[in-house]
Structure formats: structure tokens, C-alpha cells
Asker: 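Quick one: the structure is below, and I'll ask about it shortly.
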Amino acid sequence: MLSTVFTPSAGAAALGLSILAGSVPASAQVADSITIYNAQHEGLTKEWVEAFTEETGIVVTVRNGSDLEFANQIVQEGANSPADVLLTENSPAMALVDGKGLFEQVDQATLDQVPEGFRPGNGHWVGIAARSTVFAYDRTKLSEDKLPKSMLDLAKPEWKGRWAASPSGADFQAIVGALLQLKGEQATGEWLKGMKENFTAYRGNSTAMKAVNAGQTEGALIYHYYYFGDQAKTGENSKNVALHYFKNQDPGAFVSISGGGVLASSKHKGQAQAFLKWVTGKGGQTVLRDGTSFEYAVGKGEASNKALVPLADLQAPKVEPSALNNAKVTDLMTAAGLL
């Protein structure tokens with residue numbers, strides 16, 4: 001894991017300091033500072049941090065890693081964690097930390113900025129962005145009438161050898177977590193067994209989408225922003241790709257919440273709470289709207305990037321983010337031979 005320190009200089013320019021995570025003790029920080037364990041996209045968090053620091057003068061140290069890597073590290077560190085804030089791409093890692101009682105209650109003013117559907121009921125952490133499950137398909141080979149009506153259809157014999165996914169990633173495991181919550185253990189286990197028979201594994205969602213674009217597979221179960229990010233650049237990895245939204249409260253219409261939480265062990269809780277309030281408020285949500293992450297804004301009344309299908313039109317199933325059970329998901333995926 002690499003760590004980057006952002007300081008309140010002109011234009012909030014980044015000071016490029018690369019160090020091993022864990023090598024900067026909390027005592028080395030100045031009083032008006034926070035350390036973030038960041039599992040969100042590095043570019044997005046960099047935009048958030050620079051704008052926040054420029055506005056508030058609060059120094060932010062960012063340590064980059066993955067969802068469950070940081071969640072497990074925080075559990076191991078316990079009260080000695082140098083982190084003040086945890087940011088994740090998906091909510092199962094937040095649920096893991098919360099289950100160990102390691103989060104501080106988020107300030108009510110921050111919670112009030114985010115609709116109830118995009119934060120856990122207990123208020124121990126809060127949604128900061130969202131991403132939609134989609135079926136990215138080869139539009140040169142599949143017409144709309146040939147697309148799966150439900151994500152569950154992908155486990156049927158007619159889809160054998162025709163689709164792809166990245167099962168080892170936190171993104172896909174969050175999707176399975178939603179399926180588990182919506183349909184139960186038996187149905188999830190059966191679907192995973194069918195998936196094992198039918199799909200091709202790739203490492204990373206962007207790699208799976210590239211395979212669709214290259215004609216190596218007809219479709220891939222990924223999150224939406226990989227497509228929009230590529231389209232905003234050259235489009236070379238998505239020129240033959242279109243997105244299918246399952247809608248109808250289907251498990252394949254699951255919207256995953258990226259989370260942010262303040263550690264109960266934080267020595268800078270005021271500054272950490274201020275960061276979460278800023279990210280979920282107009283400043284942070286405007287970065288989502290105008291930036292290149294193409295993730296959904298979740299703040300009340302805040303618009304997402306105009307290229308995206310509106311959140312309200314996705315017809316996502318209702319999922320309780322704090323109850324996504326990653327341990328059970330891992331067990332079921334292992335039993336199905338996917339991990």
C-alpha cells in the first residue's frame with residue numbers, strides 16, 4: 001500500500017511522498033490533520049482531499065489499499081489504529097468494521113445530507129457514492145431481445161460459455177452479498193454453482209469489459225462506471241459495448257454503496273467528522289457530478305454526472321447495506337469453486 005500526503009498549498013497541490021503504510025505514526029501528525037485508509041478510487045479521493053484541504057486547511061494523509069484489506073487491518077489494529085477515516089468502494093467492508101464496534105457515530109448533520117437508502121440504519125457510517133450493477137454486452141453480437149431478463153438467468157444452461165466476471169474482487173462479492181440478502185443462502189449457492197459452469201473468470205472489471213469489446217465473450221457482469229470512464233477517454237475498450245440494466249428490483253439491479261466512517265479510536269474526530277460532512281455535502285458531491293469517476297452522487301438533491309442513467313430509473317432492489325455478509329459470501333463462493 002502507498003501513502004500520499006496532501007497539504008494545503010496553493011491550489012491544494014499534492015506533495016508526492018511515497019511510503020509504506022503504517023510507517024507514519026499518528027503522533028507524527030500535526031493537530032489539525034487526519035489519516036484516511038482509502039479503498040476508493042485513488043483519483044476520486046485525491047480530488048476530494050485536495051478540495052477539502054484547500055477549503056479547510058486540514059492536512060490529510062491518504063493510505064491506499066483495498067476494501068477488505070483495510071477492514072481486516074483496522075480490526076487487527078483495534079484501538080491502536082492510526083486511521084481516522086475509512087473510505088471503501090463497497091459496503092461489506094464497512095459492515096465488517098462496524099460489526100466489531102470500531103466506528104464512531106456519524107454526526108447527525110452529515111447523516112441528514114444522505115437519504116436513508118444510502119446509509120445504514122444505525123448511523124455508524126454513511127454512503128459517499130454509489131455504483132450500479134450492469135451487464136456489459138457485445139452489441140455486435142447481442143440484440144436487446146436476446147439479453148438476460150434477470151441476473152439469475154446467467155446460471156441457466158443457455159448462457160454456458162457466454163459471459164464473464166471478476167469473482168475475486170470486492171465489487172463482484174458485493175453483488176453476491178446482495179443476492180444472498182435478497183434470495184437466501186440456498187438460491188445464492190445454486191446460482192453460484194451455475195455461474196461456475198457458465199462463466200469465464202477475468203481479473204478486474206475493466207479486463208472483463210475489454211474481453212467483451214474484443215469479442216472474447218458476449219457479456220460481463222460489472223459496475224457501470226468502467227464503461228463510462230472508458231467512453232470519456234478514447235472509447236477504444238468499449239466501442240463495441242453497450243450496457244443492459246436489469247431493473248425491476250432484480251438482484252442484477254443492485255446499487256452498491258461506497259462508504260465512509262470515522263474510527264472510534266481516532267484522535268482527530270472533529271476533523272474526521274468534518275471530512276465526511278464535506279464529502280457528503282455539496283463540495284464532495286459536486287466532484288462526483290463534474291469529475292471523471294462516473295460514480296453516482298448520493299447526497300440529497302445532488303445531481304450525478306449527466307451521462308449516467310438517473311438513480312431513480314435503475315429500479316434497484318432494497319438492500320440493507322449494513323447486513324451484507326461478506327464472510328458467508330466468501331464461504332459460498334469457495335464452496336462453488338469460484339475462489
Side-chain angles (χ1 to χ4, degrees), residues 1-8 12-26 28-29 33-54 56 58-77 81-98 102-104 106 110 125-131 169-171 174 204 223 225 229 256-263 265-269 271-280 283-285 287-288 291-295 298:
M1 294 176 290
L2 294 180
S3 173
T4 305
V5 178
F6 299 104
T7 58
L15 173 64
L17 176 63
S18 295
I19 52 178
L20 290 176
S23 63
V24 177
Q29 295 182 339
S33 67
I34 56 172
T35 294
I36 295 176
Y37 280 8
N38 176 54
Q40 244 295 350
H41 292 170
E42 293 182 24
L44 172 58
T45 298
K46 184 173 184 288
E47 288 185 81
W48 275 337
V49 164
E50 289 181 346
F52 171 75
T53 296
E54 184 168 338
T56 66
I58 296 173
V59 179
V60 180
T61 301
V62 177
R63 299 179 180 178
N64 294 306
S66 67
D67 278 8
L68 293 173
E69 176 185 20
F70 272 142
N72 286 307
Q73 183 173 332
I74 288 171
V75 170
Q76 291 175 352
E77 292 171 342
S81 178
D84 299 292
V85 174
L86 172 65
L87 302 181
T88 65
E89 290 189 352
N90 300 283
S91 54
M94 303 300 291
L96 175 60
V97 174
D98 189 25
L102 297 174
F103 278 135
E104 183 81 1
V106 175
T110 301
W125 55 272
V126 66
I128 56 175
R131 60 273 302 279
D171 286 356
Y223 283 147
Y225 57 83
S256 183
I257 301 170
S258 298
V262 174
L263 276 296
S265 57
S266 169
K267 304 298 190 296
H268 309 94
K269 288 179 179 153
Q271 294 92 330
Q273 293 279 7
F275 179 77
L276 283 190
K277 186 176 182 181
W278 187 90
V279 167
T280 56
Q285 298 298 287
V287 169
L288 289 172
T292 58
S293 71
F294 293 98
E295 295 191 53
V298 295

Asker: Mind checking the OH-OG1 spacing from Tyr37 to Thr45? Nearest 0.5 Å is all I need.
Answerer: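 Taking OH in Tyr37 and OG1 in Thr45, the distance rounds to 15.0 Å.
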
Asker: Please give me the minimum heavy-atom distance between Ala39 and Ser66, naming the atom from each residue.
Answerer: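 Closest approach of Ala39 to Ser66: CB-C, 3.5 Å.
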
Asker: So which heavy atom on Trp278 is nearest to which on Trp48, and how close?
Answerer: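 Answer, listing the atom of Trp278 first, then Trp48: CZ3-O, 3.5 Å.
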
Asker: Looking at every non-hydrogen atom in both residues, tell me the closest pair between Val287 and Leu44 and how far apart they are.
Answerer: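 Distance-wise, the nearest heavy atoms are CG1-CD1, 3.9 Å.
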
Asker: Nearest 0.5 Å, please: how far is CG in Leu263 from CD1 in Ile34?
Answerer: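 If I round to the nearest 0.5 Å, the distance is 11.0 Å.
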
Asker: To check you understand the geometry: which heavy-atom pair defines the closest contact between Ala130 and Val298, and what is its length?
Answerer: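 The pair with the smallest heavy-atom distance is CB-CG1, 3.7 Å.
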
Asker: Is there a donor-acceptor pair closer than 3.5 Å between any side-chain N or O of Asn72 and the backbone N or O of Leu68?
Answerer: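 Yes, because the side chain of Asn72 sits within donor-acceptor range (under 3.5 Å) of the backbone of Leu68.
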
Asker: Quick one, Gln271 and Ser33 - any side-chain contact, counting heavy atoms below 4.5 Å?
Answerer: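 A side-chain contact under 4.5 Å is absent here.
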
Asker: Less than 4.5 Å apart, side chain to side chain, heavy atoms only: is that true for Glu89 and Asp171?
Answerer: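 Side-chain contact under 4.5 Å: yes.
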
Asker: My understanding is that only one of Leu288, Ile128, Thr110 makes a side chain to side chain contact (heavy atoms under 4.5 Å, CB included) with Val279; could you say which?
Answerer: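 The option that passes is Ile128.
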
Asker: Would you say that Ser265 contacts Glu77 through its side chain, given a criterion of any heavy-atom pair below 4.5 Å between the two side chains?
Answerer: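 A side-chain contact under 4.5 Å is absent here.
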
Asker: Roughly how far, to the nearest 0.5 Å, is CE of Met94 from CZ of Phe103?
Answerer: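 Going from the CZ atom of Phe103 to the CE atom of Met94 covers 3.5 Å.
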
Asker: Apply side chain to side chain contact (heavy atoms under 4.5 Å, CB included) to residues Tyr223 and Glu295 and explain how you reach the verdict.
Answerer: CA-CA 10 Å; Tyr223 283 147; Glu295 295 191 53; over 6 Å; no

Asker: Just by modelled atom types, is the Asn64 backbone N or O under 3.5 Å from a matching donor or acceptor in the Gln40 side chain?
Answerer: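 Looks like no, no N/O pair under 3.5 Å.
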
Asker: Whether the side chain of Ser258 engages the backbone of Asn90 through a donor-acceptor N/O pair (distance < 3.5 Å, no angle test) should be reported.
Answerer: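 Pair absent, no side-chain N/O of Ser258 close to backbone of Asn90.
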
Asker: With Ile36, which of Leu86, Val85, Asp84, Thr61 fulfils side chain to side chain contact (heavy atoms under 4.5 Å, CB included)?
Answerer: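 Of the listed options, the one satisfying the test is Val85.
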
Asker: Where is the tightest heavy-atom contact between Ala71 and Ala93, given as atom of each residue plus distance?
Answerer: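 For Ala71 and Ala93, the tightest heavy-atom pair comes out as CB-O, 3.7 Å.
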
Asker: Is there side-chain contact between Ile58 and Phe275, with at least one heavy-atom pair below 4.5 Å?
Answerer: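 When only atoms from C-beta onward are counted, Phe275 and Ile58 do not touch, as no gap falls below 4.5 Å.
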
Asker: How long is the straight-line distance from CZ of Arg63 back to CD of Gln73, given to the nearest 0.5 Å?
Answerer: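 The distance works out to 8.0 Å.
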
Asker: Which pair of heavy atoms, one from Phe294 and one from Tyr225, lies closest together, and at what distance?
Answerer: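 The answer is O-CB, 3.4 Å.
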
Asker: Do any N or O atoms from the side chain of Asp67 and from the backbone of Thr88 form a donor-acceptor pair under 3.5 angstrom?
Answerer: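 Between the backbone of Thr88 and the side chain of Asp67 there is no qualifying donor-acceptor contact (under 3.5 Å).
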
Asker: Could you measure the distance from the CH2 atom of Trp125 to the CG atom of Leu276? Nearest 0.5 Å is fine.
Answerer: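 The CH2 atom of Trp125 sits 11.5 Å away from the CG atom of Leu276.
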
